[in-house]
Every structure is written in C-alpha cells, then in structure tokens.
Peer 1: 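First, the structure itself, so that you have it in front of you.
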Amino acid sequence: MGRGISAGRARGTPAYKARGTPTRSARGWPVGRAFGLLAGAALLICAAYIDPPSILRTDTEPKTLSPRESRTAMTASPRTASFVPGVAWADHADLADLADHAPPPQRGDGQRKSITIEDFDDSAPGGFPLTWKAWRGDDDLARSLYTIREERDNRYLHAADDGTSIIILKQVSEWDANEYPVLSWRWRATVLPEDGDERIRTKNDSSVAVYVVLDRNFIGVPKTLKYVWSTTAPVGTHYRREGIGRPHVIVLESGEEKLGQWVEESVDVHADYVRIFGKKPPRKAVGIGILTDGNATGTDSKGDYDDFVVHHRDTGS
C-alpha cells in the first residue's frame with residue numbers, strides 16, 4: 001500500500017480515491033482500522049490477565065465441605081485450620097498475650113507471631129471506628145449503623161442495620177497473608193435476621209459477617225472471602241451467588257445456639273484463598289470488611305465485633 005500511495009503522489013493524483021467516495025488523506029491510518037487495532041489489543045489484555053474464577057465463576061449449588069476439605073492447613077493448634085467453627089465465650093476476655101495497639105505486620109518480621117490489626121481501643125465510645133470507611137455506601141449513613149461501645153473496660157464495634165446495608169472497610173495493605181495466613185476475631189450475634197440465608201438473593205442477610213479481601217483483578221474487582229454467622233445455612237457451607245464480583249460465602253456459625261455470646265473464630269484465609277482462586281495472594285492485602293444487614297428480609301439484624309488479629313500458622317488464636 002505504501003508503494004501505491006507514493007506512486008500516486010508522484011503522478012500528482014489523489015492518494016486514495018474510491019468509486020463514489022470522497023478522497024481520504026494518506027496521513028495516518030483510517031479511524032476504523034485504528035479502532036479495530038485498539039479493540040484487539042484490549043481483548044488480548046483481557047485474555048491474558050482476566051481472572052475467570054473471581055468474575056465469572058458461579059457455584060450453582062451450595063457446597064458443604066468434607067472433613068478433609070475443611071482442614072486445609074492443620075497446624076500445632078487445630079483451631080487455626082480452615083473453616084473450623086468458633087467456640088463460645090460466656091464471658092468477655094481480652095487476648096492478654098497480644099501487644100496492645102501493635103502496628104501492622106511487616107514483611108520479614110519473623111519475631112512477632114501474632115499481631116493485632118484492629119481492637120477498636122483507639123476509638124471513642126459512641127463514635128465511628130477510626131481508619132474505617134464505607135466500602136459500598138455513604139460514610140454518614142455508615143456512622144449511624146456502626147458505633148463503638150464499651151463493656152468491662154473493653155471497647156468493641158456494635159452494628160445494627162436499619163435496612164441501609166452498608167459494608168465498612170479497613171485497609172490493611174501491610175498485611176502479608178503469606179507470612180501471616182491465619183486471621184482470628186471475635187463476634188457476637190445478638191439479633192438474627194428472620195429466615196436469613198446467604199445463598200438466596202431475597203434472604204441474603206447476616207447478623208455478623210467478615211469480609212477478607214487479599215487481592216483485586218486487573219480491573220479492580222475484589223476477590224472476596226465472606227465469613228458469616230447465618231440464620232439458617234449449615235456450618236461449612238461454601239456458596240457464591242450469580243453476578244460479577246460476588247463474594248465466596250463461608251458459613252462459620254449458624255442458628256441461635258450461641259446467640260448473645262462472644263464467639264472466637266480462627267481461619268486460615270491464605271489456605272481458603274488458594275483453594276478458591278488457585279494461586280497465592282499478593283504480598284499486600286487490600287483490607288477487611290464488616291457487614292451486618294437485614295435489608296433483604298426486611299427484619300432486624302444486630303451484632304458485635306472485636307479483636308482482629310493475624311497469626312503465623314505455628315501459633316494458636
């Protein structure tokens with residue numbers, strides 16, 4: 001094509017002329033061709049980097065883990081295995097062996113076996129937790145749903161949904177889940193949403209739920225693990241509803257047996273991530289989230305949260 005254009009110019013004729021069409025400049029490529037090349041490049045990028053499990057995968061049936069699947073990381077303390085249900089604490093107790101207000105874990109920090117990433121002690125009672133923001137929703141509305149409370153000289157986060165259903169998120173980019181794979185926390189379900197079932201869109205409510213986001217795909221969609229205390233779904237259920245970016249729901253507690261009691265959970269989020277997404281997480285996590293909601297069922301939902309701590313696998317919770 002280049003030789004033809006040059007020849008045309010040498011003869012003083014138009015660079016390009018088609019029957020019944022106006023002359024088009026030879027400078028640069030036609031707009032249509034440029035657009036096609038850009039679209040092709042975009043498709044190649046998508047094919048190379050898109051993560052089908054995190055965006056397109058949908059589990060059409062709920063899955064209850066087998067004993068072998070539920071023990072993806074057996075350690076010196078079986079409480080740190082993946083999907084192990086928590087134990088109820090009739091009375092509140094502090095984690096005395098953890099340093100107060102410890103900074104986020106640093107890569108290569110082999111001295112600390114357990115590091116607190118949130119205990120709410122720095123937040124004022126009656127206020128909104130410091131360093132947390134609304135993830136999906138309005139910050140001002142979130143402040144009316146989540147408040148710091150205090151009992152027995154301990155501060156914790158209380159959540160009561162009014163139908164707004166807002167997730168709040170704390171960024172913890174310095175958390176390396178490859179070095180600190182186990183996450184523990186305490187929660188207390190006080191009011192379960194009626195007939196709540198995270199597997200069903202019209203019943204998708206939880207009294208307490210913890211989101212763990214260790215990575216995003218290349219277009220920013222989070223790869224999310226969501227641990228819940230369900231009203232009706234059985235303990236051990238793993239399910240993901242249809243839709244882009246839906247979280248992988250994992251049921252740790254279910255029903256009213258431990259209602260009103262502090263329950264400690266300890267899960268190997270690294271093992272869960274590898275099992276679900278098929279690869280190790282990056283060195284920097286995105287954050288942890290909290291959601292108490294009753295908007296789908298239109299019923300009350302309340303719960304409490306405290307003491308988010310990350311651990312090496314060779315420690316207890």
Side-chain angles (χ1 to χ4, degrees), residues 62 85-93 118-120 123 125-129 132 134-152 154-170 184-212 225-237 239 241 247 249-265 267 288-308:
V87 293
W89 287 14
D91 295 317
H92 174 74
E118 181 60 87
D119 58 12
F120 304 108
S123 300
F128 190 73
W132 290 74
W135 184 12
R136 297 172 184 171
D138 184 88
D139 277 329
D140 289 335
L141 289 176
R143 293 175 182 277
S144 68
L145 307 180
Y146 299 92
T147 55
I148 300 298
R149 290 189 176 181
E150 189 170 19
E151 63 181 14
R152 301 186 184 182
N154 176 76
R155 295 176 186 177
Y156 63 93
L157 181 66
H158 173 70
D161 186 49
D162 63 357
T164 307
S165 184
I166 295 178
I167 303 170
I168 60 172
L169 177 75
K170 177 185 176 73
S184 68
W185 69 90
R186 298 187 307 116
W187 56 9
R188 176 172 61 184
T190 56
V191 177
L192 296 173
E194 295 178 12
D195 298 322
D197 190 330
E198 292 76 8
R199 300 165 295 183
I200 302 173
R201 182 181 61 83
T202 57
K203 298 182 178 182
N204 182 32
D205 291 331
S206 307
S207 176
V208 283
V210 171
Y211 290 73
V212 178
L225 305 173
K226 180 183 179 183
Y227 300 97
V228 305
W229 185 322
S230 180
T231 303
T232 60
V235 172
T237 297
Y239 185 71
R241 293 167 49 221
V249 177
I250 300 164
V251 180
L252 297 182
E253 305 292 341
S254 183
E256 298 182 350
E257 181 180 354
K258 302 173 186 176
L259 194 67
Q261 301 180 48
W262 281 106
V263 177
E264 182 184 6
E265 308 291 353
V267 294
I288 58 173
I290 286 173
L291 173 65
T292 290
D293 66 336
N295 63 314
T297 59
T299 62
D300 291 339
S301 183
K302 296 180 182 180
D304 305 313
Y305 306 83
D306 202 4
D307 296 327
F308 289 87

Peer 1: Can you check whether D307 reaches S184 side chain to side chain, under 4.5 Å on heavy atoms?
Peer 2: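 Sidechains of S184 and D307: no contact.
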Peer 1: Could you walk me through whether V267 and W185 pass the side chain to side chain contact (heavy atoms under 4.5 Å, CB included) test, one step at a time?
Peer 2: CA-CA 9 Å; V267 294; W185 69 90; 3.7 Å; yes
Peer 1: Go through the side-chain N and O atoms of T297 and D205 and say whether any donor and acceptor fall under 3.5 Å apart.
Peer 2: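 The answer is yes; a qualifying pair exists.
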Peer 1: Look up atom CG in D306 and atom CZ in R186, then write down how far apart they are to the nearest 0.5 Å.
Peer 2: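 That separation rounds to 4.5 Å.
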Peer 1: Minimum heavy-atom separation for T237 and P234, please, with both atom names.
Peer 2: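 So the two residues come closest at OG1-O, 2.8 Å.
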Peer 1: Assess whether atom NZ of K302 is packed by more than 12 heavy atoms of other residues, nucleotides or ligands within 6.0 Å.
Peer 2: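 Incorrect, the count does not exceed 12.
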Peer 1: Could you tell me the separation between the CD atom of E198 and the OG atom of S254, rounded to the nearest 0.5 Å?
Peer 2: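 Nearest 0.5 Å value for the CD-OG distance: 8.0 Å.
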Peer 1: Roughly how far, to the nearest 0.5 Å, is the OG1 atom of T190 from the CG atom of L259?
Peer 2: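 With rounding to 0.5 Å, CG (L259) is 7.0 Å from OG1 (T190).
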Peer 1: Let me confirm one number: the CD-CH2 distance from E256 to W229, rounded to the nearest 0.5 Å.
Peer 2: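 The CD atom of E256 sits 10.5 Å away from the CH2 atom of W229.
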Peer 1: List the steps, then state whether side chain to side chain contact (heavy atoms under 4.5 Å, CB included) holds for V249 with N204.
Peer 2: CA-CA 11 Å; V249 177; N204 182 32; 5.7 Å; no
Peer 1: Hey, is the main chain of E194 close enough, under 3.5 Å, to the side chain of T299 for a donor-acceptor pair?
Peer 2: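 Yes, T299 side chain to E194 backbone: donor-acceptor pair under 3.5 Å.
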Peer 1: Passes side chain to side chain contact (heavy atoms under 4.5 Å, CB included), W132 versus D139? Steps please.
Peer 2: CA-CA 9 Å; W132 290 74; D139 277 329; over 6 Å; no
Peer 1: Do you know the tightest heavy-atom contact between Y211 and I290?
Peer 2: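 Heavy-atom minimum between the residues: CD1-N, 4.4 Å.
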Peer 1: Can we say K258 and E265 salt-bridge, meaning some charged N sits less than 4.0 Å from an Asp/Glu carboxylate O?
Peer 2: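 No.
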Peer 1: To the nearest 0.5 Å, tell me how far D195 CG sits from T231 OG1.
Peer 2: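 With rounding to 0.5 Å, CG (D195) is 8.0 Å from OG1 (T231).
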Peer 1: Any idea which heavy atoms bring L145 and D162 closest together, and the distance?
Peer 2: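 So the minimum-distance heavy-atom pair works out to CD2-OD1, 3.3 Å.
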Peer 1: Looking at every non-hydrogen atom in both residues, tell me the closest pair between D293 and S206 and how far apart they are.
Peer 2: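 It is OD1-N, 2.9 Å.
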Peer 1: Which atom names give the shortest non-hydrogen contact between A134 and A142, and what distance separates them?
Peer 2: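 Minimum heavy-atom contact is CB-CB, 4.2 Å.
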Peer 1: Indicate yes or no for a side-chain donor-acceptor contact from D161 to the backbone of G294 under 3.5 Å, with no hydrogens or angles considered.
Peer 2: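 Yes: the side chain of D161 pairs with the backbone of G294.
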Peer 1: Short question: side chain of S230, backbone of D197 - any donor-acceptor pair under 3.5 Å?
Peer 2: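 No; zero donor-acceptor contacts below 3.5 Å.
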Peer 1: Is a salt bridge present between D304 and R188, judged by a nitrogen-to-oxygen distance below 4.0 Å?
Peer 2: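 R188 and D304: salt-bridged.
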Peer 1: Judged by modelled atom types alone, do E253 and W187 share a side-chain donor-acceptor pair under 3.5 Å?
Peer 2: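 Short answer, no.
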Peer 1: Quick one: does any side-chain atom of S207 pair with a main-chain N or O of V191 as donor and acceptor, under 3.5 Å?
Peer 2: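 Yes, S207 side chain to V191 backbone: donor-acceptor pair under 3.5 Å.
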Peer 1: Report the distance from atom CD1 of I166 to atom OH of Y146, rounding to the nearest 0.5 Å.
Peer 2: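 The CD1 atom of I166 sits 7.5 Å away from the OH atom of Y146.
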Peer 1: So, for G163 and N295, which heavy atoms are closest and what is the spacing to 0.1 Å?
Peer 2: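 In terms of heavy atoms, the two residues are closest at O-CB, 3.4 Å.
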Peer 1: Judged by atom type as modelled, is there a donor-acceptor pair below 3.5 Å linking the side chain of R155 to the main-chain atoms of I148?
Peer 2: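 Not a single qualifying donor-acceptor pair exists.
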Peer 1: In terms of ring plane angle, is the pair Y305 and F308 parallel, tilted or perpendicular, where the classes change at 30° and 60°?
Peer 2: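 Geometry flag for F308 against Y305: parallel rings.
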